[in-house]
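Let me begin by presenting the structure, written as structure tokens, before commenting on it.
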Amino acid sequence: MIFGFMAYDASSVEDEIYRAWEASGFFNPDKLPDRNQKGESYCVVMPPPNRTGTLHMGHAVMLAIQDLLIRFERMRGKKTLWIPGTDHAAIATQVKVEQMLMKEGMKNPREELGREKFLEKVVAFAEESSKTINKQIRKMGSSCDWSRERYTLDEARSRAVNEVFKMMYEDGLIERGARIVNWDPNTQTVVSDDEVVWVEEKAPFFEFQYGPFVIGTSRPETKFGDKYVVMHPDDTRYQKYQQGEKLTVEWINGPIEATIIKDEAVDREFGTGVMTITPWHDMTDFEIAERHHLTKEQVIDLHGNLLPIAGEFESMHIKEARQKVVEKLKKKGLLVNINENYIHRIATCSRGGGMIEPQILKQWFIRVTKPFALRQDTLGKWKKGDQVTLKELMREVVTSKQVTIIPERFEKIYFHWIDHLRDWCISRQIWFGHRIPVWYHHSSQVSADSLQPDKMIVSDTSPGKDWQQDPDTLDTWFSSGLWTFSTLGWPDKKEWSSLRQYHPTALLETGYDILFFWVARMILMTTYTLGEIPFKDVYLHGLVRDEQGRKMSKSLGNILDPLDLIPKYGTDAVRLSLMIGSTPGQDTRLSEAKIEGFRNFTNKLWNISRFILSVIARSESASDAAISGQEVASSMTPRNDKQQTLADIWIQHRLNQVISSVTKKLETYQFSSAGEELRDFTWGDLADWYLEIAKIEGGKKYILTQILQTLLKLWHPFMPFVTEHIWKVAGYDGMLMIEKWPDELRITHDALRMTEFDSLQRVVMDMRRLRAEQKIEPAMSITFQIIIADDRLKKWIGDNQAWIHRLTKATSIEFIKSIPSDWVTVSSGSWTIGFNPATSIDPEKERGKIEKELAEATSYITSLEQKLKDKEFIKKAPPRIVEDMKNKLQEAQEKARLLKSRLNSA
RNA sequence: GGACGUUUAGCUCAGUUGGUUAGAGCGUUCGAUUCACAUUCGAAAGGUCGCAGGUUCGAAUCCUGCAACGUCCACCA
């Protein structure tokens, strides 16, 4: 039974609807109807979720928003393509699998299994994740083209990666070199600057005697090799020391020769204004050392143990060494002071959270400030062969407004990031990912500082048996940076038509937290490779937080999982709760109560539809039976369908306003506002007003069908499941998802009648209120008096007695010449209605209330009058505003007059 | 240290180029209820728009300063 007594049960219909959509082929742009084939292309690539397990609320937001836009544009007749895919997420996935294996009892999975076996495990896990993720994407109702599903590590994407690497290498943008990098001893790999997370920590801050100086440090365990003592060149306290001056000082393992260095990097205010440096393990120190051509010595190995330079502390782990070094220095009388409350920031790895130890290592870098010759005309600004830098490309894209970032303020953040961007370290010492397509001749030393060109080849295949491939893999963002064009088949020449058709893509929608990681790198990679932008708009959504505004995390136990919520409330409700009530770039709080509210709305829409369909069914059977002579007030009066009532015109007019406004809002990414407006119309105007009237007027088969269909179309991008389901239940042709997005309905506008309706609507509301306050009794008679007589209005009221009765619950209406002084009146615009007051009204209370209202009205009038007397206001304000105000004044005066007369009669 | 964001009803948040009695949802209170929907309907209460100045005929909106909270960035040993 389709229209049972049950509420809408999302979980029982959603899977089947999704299967039907998928089977229809309409997710695939090539299989869309003719209308779309002729339309312009609209392409969005899905930010590929990491293959690290399951989706979370952030993914749900992006899926909801992107599906909304895709469905909207598809209905508008565009040739829409939404490409789904997943990301191998190199480090994240490898770490996850390693942790799992360790839980199963392995001590060091990589060592125990070896590269090949270990990778098998990771690949198997990634495969499994991918299946789960795809299921979840479907659960959200995403209308993406599964026939074009991509994976950052699949064969075609790997080809793109190798190709871009090769191009950049040839252009001198990719370079191998020994520089100071972020080393993570936990995962045994280098990470990029953006993957470092700084955490505040309270640690003891030590001050030691270092020759004639006092130096401060929170890391004494790194200080073995500190043979340079640095101070600011303008520091008057140390003027007697000269740059390069050498002095012998007593240090941890005996006397060492220290050299004085003057450098402006030193903060004179901090501590004593003197510091020693550890160039191998500190970014700042490294830069100072570079400036002065100082020697650099490694103190800590890649596992965090001290090297022979530490003397008796050799092989000791740095954690253990700290206290011991302090003790030794204390014994030697070199410890000056300890500040236990020192707060500093330590670098940790965003994957796994272990400490980062800077190290000088030979790695691959992308040079972002090195000029290179463009391979093609680029961004409409540069010609082929022009010299530019990658930073310039990234900057130009946004300054020239070829890419718009929404909200706008992130543009500033983007520029700031570019300004501070250093060369991008792209090599990783992990196994899961794209192997660096570089081969070394076995006669060469891979670790050598410089390789002869003939000992190194960039190629995706082995040049021969004397060659071995670089053991490292690429940063995962290297491949995701190519995502908009690698997913469209680049560099395969056969795919170029598709690339030309869909690229640049229309929009990139993602969370602002990966603006640098991903968005910026896509811009870098795409402008470099293709000479064009990857997307026109960037829409950044906020992060989903819990009810109290905290980040959702496992340890807090406050995670709301879309997969738990969908069976409980339905996908449509979850989608709405993520889109309505949030603005771009702004974090949102999500609670189950909010989702519950939208579940209720889903059900409301279901009931509205159910009701409309039943009215249509009944009116059909009624007209079939040709029943005539029914009472006016009976609930289903058959009526000539063509004869439109004022209410019909009113609702169509409102619907038109909603259509144009919602369309405009969706075009400008105002999803929340669009959804709210639709909800208010659906619940307020349609359900609570028009349908109440329709119950009485009857015979609205045509218009009700028109309204319902339009409503379902408007809602479809927001809540695809329930609308598609209703469409099917109603027996309408075809699939809602490819229906044409509604244009404004053609109605004959009748401005005067519209005003009448608005007025009457207000009056009827007043009547309902009076009745609710028991000022008129349910069965008493209502008498209208048209004070400023308008025959048309009088006639209209006569014509529409039935629903006025219904809405006011009064039983009769009569017209009289004047309103008795003891009656209650309500008025609107040009006319007034009087009610025979119920005996239950407390005259004192009523009087008080009227007096209060009158006082408010009077003060409002005074303020308006004053304003209107103000010559400067009249002179300077636009006429529109003045006119508005005059009208308001008139209305207020009218209201005050009526209140006065009521007061006199009371 | 720098930049950005937030501060509007008890709670969560809108408020699109400044326009005149500041909105929604939830919650609260009161009332309704066979006749699509209690996942319902009607109504009410509730706001000096963070604070202090300024610009303007007019400011939640623009400017300056301050405060609280939050985020990002930065080499402070």
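Everything quoted here is computed from the prediction, not taken from an experiment. Within every chain, numbering begins at 1; the chains are lettered A, B, ... in the order of the sequence lines, protein sequences first and strands thereafter.
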In whole angstroms, how far is the [atom2] atom of [N] from the [atom1] atom of [X]?
| X | N | atom1 | atom2 | value |
| --- | --- | --- | --- | --- |
| Trp198(A) | C72(B) | CH2 | C1' | 15 Å |
| Asp546(A) | C13(B) | CG | P | 11 Å |
| Arg545(A) | C69(B) | CZ | C1' | 12 Å |
| His344(A) | A77(B) | NE2 | P | 7 Å |
| Asp263(A) | C75(B) | CG | P | 15 Å |
| Tyr414(A) | G5(B) | OH | P | 19 Å |
| Lys594(A) | C11(B) | NZ | P | 17 Å |
| Lys886(A) | C57(B) | NZ | P | 19 Å |

Select one nucleotide: of [options], the one nearest the side-chain heavy atoms of [X].
| X | options | value |
| --- | --- | --- |
| His420(A) | C57(B), C73(B), U21(B) | C73(B) |
| Asn600(A) | U20(B), U39(B), G5(B) | U39(B) |
| Arg610(A) | A36(B), A77(B), U20(B) | A36(B) |
| Thr217(A) | A36(B), G19(B), A77(B) | A77(B) |
| Gln586(A) | C76(B), U21(B), A14(B) | A14(B) |
| Leu691(A) | C57(B), A36(B), U39(B) | A36(B) |
| Ala877(A) | U20(B), C4(B), U39(B) | U20(B) |
| Val266(A) | U21(B), A77(B), U39(B) | A77(B) |
| Arg599(A) | U21(B), U39(B), G42(B) | U39(B) |
| Lys876(A) | A77(B), U21(B), U56(B) | U56(B) |

Could you tell me whether [X] contacts a base, only the sugar-phosphate backbone, or nothing, with contacts defined as non-hydrogen atoms closer than 4.0 Å?
| X | answer |
| --- | --- |
| Ile608(A) | base |
| Lys412(A) | sugar-phosphate |
| Met283(A) | nothing |
| Ala687(A) | base |
| Thr668(A) | nothing |

Rounding to an integer number of angstrom, what distance separates [N] and [M] when you compare their [atom1] atoms?
| N | M | atom1 | answer |
| --- | --- | --- | --- |
| A60(B) | G42(B) | P | 31 Å |
| A32(B) | G15(B) | C1' | 33 Å |
| A22(B) | U64(B) | P | 27 Å |
| U39(B) | G46(B) | C1' | 26 Å |
| U6(B) | G50(B) | P | 12 Å |
| G27(B) | A36(B) | C1' | 27 Å |
| A3(B) | U48(B) | C1' | 32 Å |
| C13(B) | U56(B) | C1' | 30 Å |

Where each residue is assigned the nucleotide of RNA chain B containing its nearest heavy atom, which of Thr588(A) and Asp870(A) is assigned the position nearer the 5′ end?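 That would be Thr588(A).
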Specify the residue among Phe270(A) and Pro878(A) whose closest nucleotide of RNA chain B lies further upstream toward the 5′ end.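 Here Pro878(A) is the residue nearer the 5' end.
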Given Met719(A), which partner from the list Leu712(A), Leu678(A), Leu605(A) fulfils the side chain to side chain contact (heavy atoms under 4.5 Å, CB included) test?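 Single pass found, and it is Leu605(A).
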Do [X] and [Y] have side-chain N/O donor and acceptor atoms under 3.5 Å apart?
| X | Y | value |
| --- | --- | --- |
| Ser577(A) | Lys594(A) | no |
| Trp417(A) | Asp194(A) | yes |
| His292(A) | Asp263(A) | yes |
| Trp715(A) | Thr682(A) | yes |
| Ser192(A) | Glu195(A) | yes |
| Thr278(A) | Asp226(A) | yes |
| Asp587(A) | Tyr512(A) | yes |
| Thr602(A) | Asn600(A) | no |

With 3.5 Å as the limit, what N/O pairs link the protein to nucleotides 24-30 of chain B?
unit_1 : atom_1 : unit_2    : atom_2 : d
A24(B) : O2'    : Arg679(A) : NH2    : 2.9

Kindly assign one of parallel, tilted or perpendicular to the pair [X] and [Y], based on the angle between their ring planes and the thresholds 30° and 60°.
| X | Y | answer |
| --- | --- | --- |
| Phe270(A) | Phe205(A) | perpendicular |
| Phe671(A) | Tyr669(A) | perpendicular |
| His420(A) | His416(A) | tilted |

Does OP1 or OP2 of [N] have a side-chain N or O of [X] closer than 4.0 Å?
| X | N | value |
| --- | --- | --- |
| Tyr342(A) | A77(B) | yes |
| Lys604(A) | U39(B) | no |
| Arg589(A) | U12(B) | yes |
| Ser591(A) | U12(B) | no |

Could you write out RNA chain B as a dot-bracket string, with dots for unpaired bases, | for bases paired across to another strand, and Watson-Crick or G-U pairs counted at under 3.5 Å? (((((((..((((.....[...)))).((((((....).))))).....(((((..]....))))))))))))....
Backbone N or O of Phe213(A) within a donor-acceptor pair of the Gln209(A) side chain at under 3.5 Å?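 Yes, the answer is positive, given that a donor and an acceptor are paired below the 3.5 Å cut-off.
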